[in-house]
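To start, the structure under review is shown below, and the notes come after it.
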Amino acid sequence: MRTVETQKYSVQQPLIETVLAWIKNNDIAIPEIQRPFVWDASKVRDLIDSLYNGYPIGYLITWKNPDVRLKDGKVAEGKKVLIDGQQRVTALTAAIVGEQVINKDYKRVRIKISFNPLEDKFEVFNTAIAKDNNWIADISILFRPEYSFLNIVNEYCEKNSIQNPDIIFEKLDKLKKITQRQIGLIELSGDLDIEIVTEIFIRINSQGVVLSQADFAMSKIASDERNNGHILRKCIDYFCHLAVAPDFYDFIRDNDREFAKTDYFQKMSWLKNENDDLYDPDYSDLLRVSFTSEFNRGKLADLVSLLSGRNFEKKTFEDEIAKQSFEKLEKGILNFINETNFKRFLMIIRSAGFISSALIRSQNTLNFAYILFLKLRDLKYSPDEIEHYVRRWFVLSVLTGRYSGSPESMFDFDIRNISSKGISDVLKDVESAELSDAFWSFGLVQNLETSVASSPYFLAFVASQIKSRDKGFLSKDITVSDLIEYKGDVHHIFPKEYLKQKGLKKSDYNQIANYVYMQSEINIQIGKRAPGDYLNSVFEQCMNGAKVKLGAINNLDDLKQNLKENCIPEETRYMTADDYPEFLKIRRQLIAQKLKEYYFKL
């Protein structure tokens, strides 16, 4: 007999005032209410205008958290979690309730929407409106119980010399009644898996925006006050904000005094004086690293289930599982934000030559390196071993693009392997499979055949130069590290203008095998000359003891060493545009060889 599937959602039409009441009474969780409000104020104005004119403003989507069985046998009813519509709800609370929002600069501001009842027109409040009696500067006063509606009407009519208040009363009453408008709400069943919820979201969202697993996890964390989730969620958000904007510390201290009293705030206070931007994690990064390092799992969908108390075997939801999961997650988060852990990890990344965020293209590669650091630290590996394995795994991941495809699946695969086999055996296996002689001799050489300056292979090459303390091209004392630190530029060995004059296309002269870090003043001295011209003159000034005219090198051994450090063959001194293809071929091989030597010394 065929079983009839039950509908996995319900559609409701609550009043806007009902939704606002849910929020006020904490019956619906909106974790993003404390995150930056990304809508422009004009979109808030348009939303109010649509409500005033009876236009639809779209659906809200909520997901009912699973009901959790408690120790005493009772069942705790799950709270609604708003997974789509946060910006609309925040806009409504800002314009109607008059609440402040946090803007893109993490500052708390008011968004005032003004109304001109004579013209039925809405506008964002400005200084001109403030001086114009035709405008009600802030519509939120109409919804405040302490304000008399009739007094507002009478005051407006008096200021504008209006004899018949009925027209104004009618317009303002129409505005006041926008909270009686209905808004569509789709509530998804609590027993749906997170993957299904994600698929539903994508299908019904008109813009097709993908809702990340981290968003679901943050919603779940914020909605579970029994396990202090609302405080833990603030910890995650605030740390990420502070990592980008250290002066946000004062805002938290002055405006969220309850959180400022917690140990979480004390443990992240070191960020107030920190301006390092090598690793600025967002909440997704922090969650992923904390979860994977503690739970030995890589899929955030599993975190949502565990925080809900999911018993994967019995397919039930249990309070004890939820409690233990929150405790483990908290441990992972505290490990992540720990000053010693964070700074020591970055020290290891820098020791591999990756001293600037400009050299790191993949945040997930950095994330897994931190996961590995925390995991090895938890397993009591020695500091030397941790440094060695984290450095090598990070560079391996950069060179192979290990986390560029399906990072979640690869995170899950790697952490399970490392946890069961140990990092030493796993690293050997991956090196055998991914970094064979064929990779160094052919695969990497082919990968270097690109014009993308942000190529991870070129960035790894630059890191290898930094690690080796190599000098910039034709520099005597200025290192590649100096050039990176002081925003030095990448220039062309075969000058761009020279090759353009010879008819080469942009994709040809911009090959990364033609790139080198060079002082701008040296690049100016080179101008549009072929290497067979300018480089040969440098050789002559070194051999003849002539006055230095180009660069700063006047010793032949120093010049040859400089060329070797920059993977430039000596025969380049004789080359012209006709030799350019051969130059690229040789230099790619030299770069690949340098990267191989660099990697196996890590």
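Along the sequence shown, residues carry numbers from 1.
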Test side-chain contact (heavy atoms from CB on, under 4.5 Å) on Leu286 and Asp282 and set out the steps. CA-CA 6 Å; Leu286 196 157; Asp282 61 20; over 6 Å; no
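- Annotation: Arg110, atom CZ; neighbour count of heavy atoms from other residues, nucleotides and ligands within 6.0 Å is above 12.
- In this pair, Phe265 and Tyr249 present their aromatic rings parallel. The plane angle is below 30°, not in the 30 to 60° band.
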Are Gln87 and Thr90 close enough, and set up right, to give a side-chain hydrogen bond (donor to acceptor under 3.5 Å, both in side chains), and what steps lead you there? CA-CA 5 Å; Gln87 297 295 312; Thr90 304; 5.4 Å; no
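- The closest side-chain donor-acceptor pair between Asn554 and Gln541, if any, does not fall under 3.5 angstrom.
- With 3.5 Å as the limit, one finds no donor-acceptor pair spanning the side chains of Glu521 and Gln525.
- Atom CD of Glu274 is separated from atom CD of Glu339 by 7.5 Å, given to the nearest 0.5 angstrom.
- The pair Arg253-Asp250 meets the salt-bridge criterion, with a side-chain N (NZ, NE, NH1 or NH2) lying under 4.0 Å from an Asp/Glu carboxylate O.
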Do Glu408 and Asp412 pass the side-chain contact (heavy atoms from CB on, under 4.5 Å) test, and can you show the C-alpha distance, the side-chain angles, and the key distance before you say yes or no? CA-CA 6 Å; Glu408 244 196 11; Asp412 195 68; over 6 Å; no
Pair Ser356, Glu485 - check side-chain contact (heavy atoms from CB on, under 4.5 Å), show working. CA-CA 8 Å; Ser356 167; Glu485 185 176 355; over 6 Å; no
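- Heavy-atom contacts from other residues, nucleotides or ligands closer than 6.0 Å to NZ of Lys343 number more than 12.
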Please report the C-alpha distance between Ile236 and Met218 in whole Å, then the side-chain angles of each, then the deciding distance to 0.1 Å, and finally whether the side-chain contact (heavy atoms from CB on, under 4.5 Å) criterion is met. CA-CA 9 Å; Ile236 296 168; Met218 288 293 278; 3.9 Å; yes
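- No side-chain donor from either of Gln511 and Ser451 sits under 3.5 Å from a side-chain acceptor of the other.
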Begin with the C-alpha distance, continue with both residues' side-chain angles, and end with the deciding distance and a verdict on side-chain hydrogen bond (donor to acceptor under 3.5 Å, both in side chains) for Glu497 and Gln501. CA-CA 6 Å; Glu497 292 302 320; Gln501 290 173 358; 5.4 Å; no
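- The two atoms that bring Ile129 and Val124 nearest to each other are CD1-O, 3.6 Å, heavy atoms only.
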Applying salt bridge (charged side-chain N to carboxylate O under 4.0 Å, His left out), run through Asp237 and Lys234 and close with a yes or a no. CA-CA 5 Å; Asp237 265 340; Lys234 282 188 177 182; over 6 Å; no
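- Seen from the ring of Phe539, Arg573 counts as a face-on cation partner, given the 6.0 Å and 45° thresholds.
- Residues Ala41 and Ile111 come closest through the heavy atom pair CB-CG2, 4.1 Å.
- There is a side-chain donor-acceptor pair under 3.5 Å between Lys375 and Asn296.
- Thr479 and Asp482 share a side-chain donor-acceptor pair at under 3.5 Å.
- Aromatic pair Phe336/Tyr370: ring centres closer than 6.0 Å.
- Here CG of Asn447 is found 12.5 Å from CD1 of Ile591. Values are rounded to the nearest 0.5 Å.
- A salt bridge links Lys594 and Asp470; the closest N-O separation between the charged side-chain nitrogens and carboxylate oxygens is under 4.0 Å.
- Side-chain atoms of Ser42 and Asp40 form a donor-acceptor pair, as typed in the model, at a separation below 3.5 Å.
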Report, one line per pair, each donor and acceptor closer than 3.5 Å where one atom sits in a side chain of residues 389-398; sequence neighbours left out.
from: Arg391; atom 1: NH1; to: Ser351; atom 2: OG; distance (Å): 2.8
from: Arg392; atom 1: NH1; to: Glu431; atom 2: OE2; distance (Å): 3.3
from: Arg392; atom 1: NH2; to: Phe600; atom 2: O; distance (Å): 3.1
from: Trp393; atom 1: NE1; to: Ser397; atom 2: OG; distance (Å): 3.4
from: Trp393; atom 1: NE1; to: Tyr403; atom 2: OH; distance (Å): 3.0
from: Ser397; atom 1: OG; to: Trp393; atom 2: O; distance (Å): 2.8

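- Here Asp489 contributes atom CG and Asn523 contributes atom CG; the two are 8.5 Å apart, rounded to the nearest 0.5 Å.
- A salt bridge is defined here as a Lys NZ or Arg NE, NH1 or NH2 lying under 4.0 Å from an Asp or Glu carboxylate O, and Glu123 with Arg45 meets this definition.
- Side chain of Asp276 to main chain of Leu278: a donor-acceptor pair is present (N/O by atom type, distance under 3.5 Å, no hydrogens or angles).
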Verdict with reasoning, Phe411 to Phe368, per ring pair (Phe, Tyr, Trp, His ring centres under 6.0 Å): CA-CA 7 Å; Phe411 273 34; Phe368 196 86; 5.1 Å; yes
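- For the residue pair Ser409 / Ser406, no side-chain donor-acceptor distance below 3.5 Å is found, with atom types taken as modelled.
- Lys564 has no carboxylate O lying under 4.0 Å from a charged side-chain N of Glu570, or vice versa, which leaves the two without a salt bridge.
- No side-chain donor from either of Gln593 and Gln589 sits under 3.5 Å from a side-chain acceptor of the other.
- A salt bridge between Asp437 and Lys596 is present, with a side-chain N of the basic residue lying under 4.0 Å from a carboxylate O of the acidic one.
- Using cut-offs of 30° and 60° for the angle between ring planes, the Tyr580 and Phe583 rings count as parallel.
- Smallest separation of non-hydrogen atoms from Gly472 and Leu483: CA-CD1, 4.0 Å.
- Looking at Glu540 and Ser537, their side chains never bring a donor and an acceptor atom within 3.5 Å of each other.
- Shown here for Leu47 and Ala91, the closest heavy-atom pair between the two residues is CD2-CB, 3.8 Å.
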CA sep, side-chain torsions, deciding dist, call: Lys502, Asp578, salt bridge (charged side-chain N to carboxylate O under 4.0 Å, His left out): CA-CA 9 Å; Lys502 298 298 181 179; Asp578 292 338; over 6 Å; no
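- Taking the six-membered ring for Trp and the full ring otherwise, Phe251 and Phe248 have centroids separated by under 6.0 Å.
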I'd like to know whether Glu434 forms a side-chain hydrogen bond (donor to acceptor under 3.5 Å, both in side chains) with Thr400, so could you lay out the CA-CA distance, the side-chain angles of the two residues, the decisive distance to 0.1 Å, and finally the verdict. CA-CA 7 Å; Glu434 304 286 342; Thr400 61; 5.2 Å; no
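- Checked by atom type, the side-chain pair Asn510/His492 shows a donor-acceptor distance below 3.5 Å.
- With hydrogens and angles left out, the side-chain atoms of Asn367 and Tyr279 include a donor and acceptor closer than 3.5 Å.
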